[in-house]
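Below, chains carry the letters A, B, ... as their sequence lines are ordered, and counting in each starts from 1.
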Amino acid sequence: MLDLRQIREKTDEVRDGFARLGVAVDLDAVLALDERVRRLKNESQTIAAEQNKLSKDIARAPSPEAREAAKAVGAALRQKIEGLVAALGVAEGELETKLLELPNLPHPSVPVGKDDGDNKIVREEGVKRSFSFAPVPHWDFGAQAGIIDFDRGVKVSGSRFYLLKGWGARLQRALISLMLDLHTQKHGYTEILPPFMVRRESLVGTGNLPKFGDNLYRDAEEDFWFIPTAEVPVTNMYRDEILDGADLPIKHVAYSACFRREQMAAGRDTRGIKRGHQFDKVELVKFVRPETSLDELTGLLADAEDVLKVLELPYRVVQMCTGDLSFSAMVKFDLELWAPGCNEWLEVSSCSNFGEFQARRAKIRFKDGKGSGKDGGKDKTRFVHTLNGSGLALPRTLIGVLETYQRADGKLDLPVALRPYFGGDEVVG
RNA sequence: GGAGAGAUGGCCGAGUGGUCGAAGGCGCAUGAUUGGAAAUCAUGUGUACCGAAAGGUACCGAGGGUUCGAAUCCCUCUCUCUCCUCCA
């Protein structure tokens, strides 16, 4: 959510931001509503002050007659206030709805562009493996090795479901462990195992609702929502809290299953395990001081990249242009690994700096000062900046490993980093 | 799922219709005291919004109601705890 004050006082900057995003936003409607809200608030509060004063006078009981007369005046005032407050409520609701649907503004450093064709490839890391045979895509390799069962996945759950079997399942579990171990032991993140179902408010906090509800699964009876990413429960851990500035940055890493409808993408990426309704992911989430957030994003990206480095998988870093930024992001970088079997770059991580956009929605703030943070109110309470990134998404990382380390005989050479999770074995299959 | 109890400021905890934004304690901040610290004493200590300011408004889990006036009375909901039931 954007700062209403910013919209009011720096309207041109905001307008310019939306122009760079390439989205049409009726800012004048927002400003008019804001005007109306403040006017109604002032009017009702003025009368409320009058009313409060009157009530106190009644308590001091001048005479029974005077009291009755004052009561009548009070009743009239109440009527007036009720009318104004009702109008205020409506106006505030409209304003809130509009604000919740405004996307975040891009950081000035983000390259302007129309769509993903204008994204900027920042750099390429690692060396693509050269094969002495023609590498096969993971769907063939996995089926032949008996570790990915597409047919039974569809039988059990429907299209876009599969199941992993034998050493394939173990490989995925090993990858999850490797990522969690790396981020907790080497990069200093605290591990969280979050709920995979959340309540509605949590999704509003991260920006998934109200706008993107049709990509989510939910249990209508209980109004429980299945998380599309661990970002949702982990970011909302600190919803409505005022954190101690001394505790920042807070760094969390969380494994979770993720659930997405992918309605829009029907027919795309249908082969293999690239895109499903359910997938595993290890997610990195940071809560930081505003002035450090750009540097923290660089660090987060490096932490995610480290997984690919440790697995010795070639990848590239892509910066999203303004036209391809997600709703909540201010800056965003993707990591794409090279899949030699499918012969394409696959997005395995998306690292974003949300600025205070999510923090404002979820009311995640911090304050400097020792102990309880109540130090005489000298330090201002401010919104934190939130960041997150995959570290990494499992199915596509699995694709990278399977396609890069495949052998002509249908077995798999294990990357050195994974061997401890297989009792030291160098080959599986 | 059934029965009961509860939800007050950073924490503990008082408060059953007006002088309560809320006693008291803890914690914290500042000052005094000290060679330094502890202890002690004094003062101060919520959030948000409106306003240039003075000041005002709202908030005692959430939402509604009664009343001139609600932390206090009524209704609905949410959450927590205890017991039973069920269950990985």
Between [options], which nucleotide gets closest to the side-chain atoms of [X]?
{"X": "A/R38", "options": "B/C68, B/U57, B/G51", "answer": "B/G51"}
{"X": "A/R78", "options": "B/U78, B/G21, B/C68", "answer": "B/C68"}
{"X": "A/K56", "options": "B/C68, B/U57, B/G21", "answer": "B/G21"}
{"X": "A/Q45", "options": "B/C79, B/G56, B/C68", "answer": "B/G56"}

| query | What does A/A70 touch in the nucleic acid at a heavy-atom separation under 4.0 angstrom: a base, only the sugar-phosphate, or nothing? | reply |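 If one applies the 4.0 Å heavy-atom cut-off, A/A70 turns out to touch nothing in the nucleic acid.
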Using a cut-off of less than 4.0 Å, is there contact between a side-chain N or O of [X] and OP1 or OP2 of [N]?
{"X": "A/N52", "N": "B/G18", "answer": "no"}
{"X": "A/R67", "N": "B/C68", "answer": "no"}
{"X": "A/R8", "N": "B/C50", "answer": "yes"}

| request: Look at A/E262 together with A/R160 and state whether they make a salt bridge at an N to O cut-off of under 4.0 Å. | output: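 Judged by the 4.0 Å cut-off on N to carboxylate O distance, A/E262 and A/R160 do not form a salt bridge.
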| Salt-bridge contact A/R20-A/D16 (side-chain N to carboxylate O under 4.0 Å) |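 Result for this pair is yes, salt bridge flagged.
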Atom-to-atom span, [atom1] of [X] to [atom2] of [N] - whole angstrom:
{"X": "A/Q79", "N": "B/G69", "atom1": "CD", "atom2": "P", "value": "11 Å"}
{"X": "A/R199", "N": "B/C77", "atom1": "CZ", "atom2": "P", "value": "15 Å"}
{"X": "A/L4", "N": "B/C49", "atom1": "CG", "atom2": "P", "value": "10 Å"}
{"X": "A/E96", "N": "B/A48", "atom1": "CD", "atom2": "C1'", "value": "14 Å"}
{"X": "A/L54", "N": "B/U19", "atom1": "CG", "atom2": "C1'", "value": "16 Å"}
{"X": "A/K80", "N": "B/C68", "atom1": "NZ", "atom2": "C1'", "value": "15 Å"}
{"X": "A/K363", "N": "B/C49", "atom1": "NZ", "atom2": "C1'", "value": "12 Å"}
{"X": "A/L77", "N": "B/U67", "atom1": "CG", "atom2": "C1'", "value": "14 Å"}

Tell me if the centroids of the rings in [X] and [Y] come within less than 6.0 Å of each other.
{"X": "A/F287", "Y": "A/Y238", "value": "yes"}
{"X": "A/F354", "Y": "A/H385", "value": "no"}
{"X": "A/F357", "Y": "A/F327", "value": "yes"}

Using Watson-Crick or G-U wobble geometry with both distances under 3.5 Å, which nucleotide pairs with [N]?
{"N": "B/G35", "answer": "none"}
{"N": "B/G24", "answer": "B/C12"}
{"N": "B/A42", "answer": "B/U30"}
{"N": "B/A7", "answer": "B/U78"}
{"N": "B/C68", "answer": "B/G18"}
{"N": "B/A58", "answer": "B/U47"}

| request: Give the minimum heavy-atom separation between A/E347 and A/E336, together with the two atoms involved. | output: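 It is CA-CG, 4.0 Å.
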| query | 5'-most contact on RNA chain B: A/Q51 or A/R365, nearest heavy atom basis? | reply |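 That would be A/R365.
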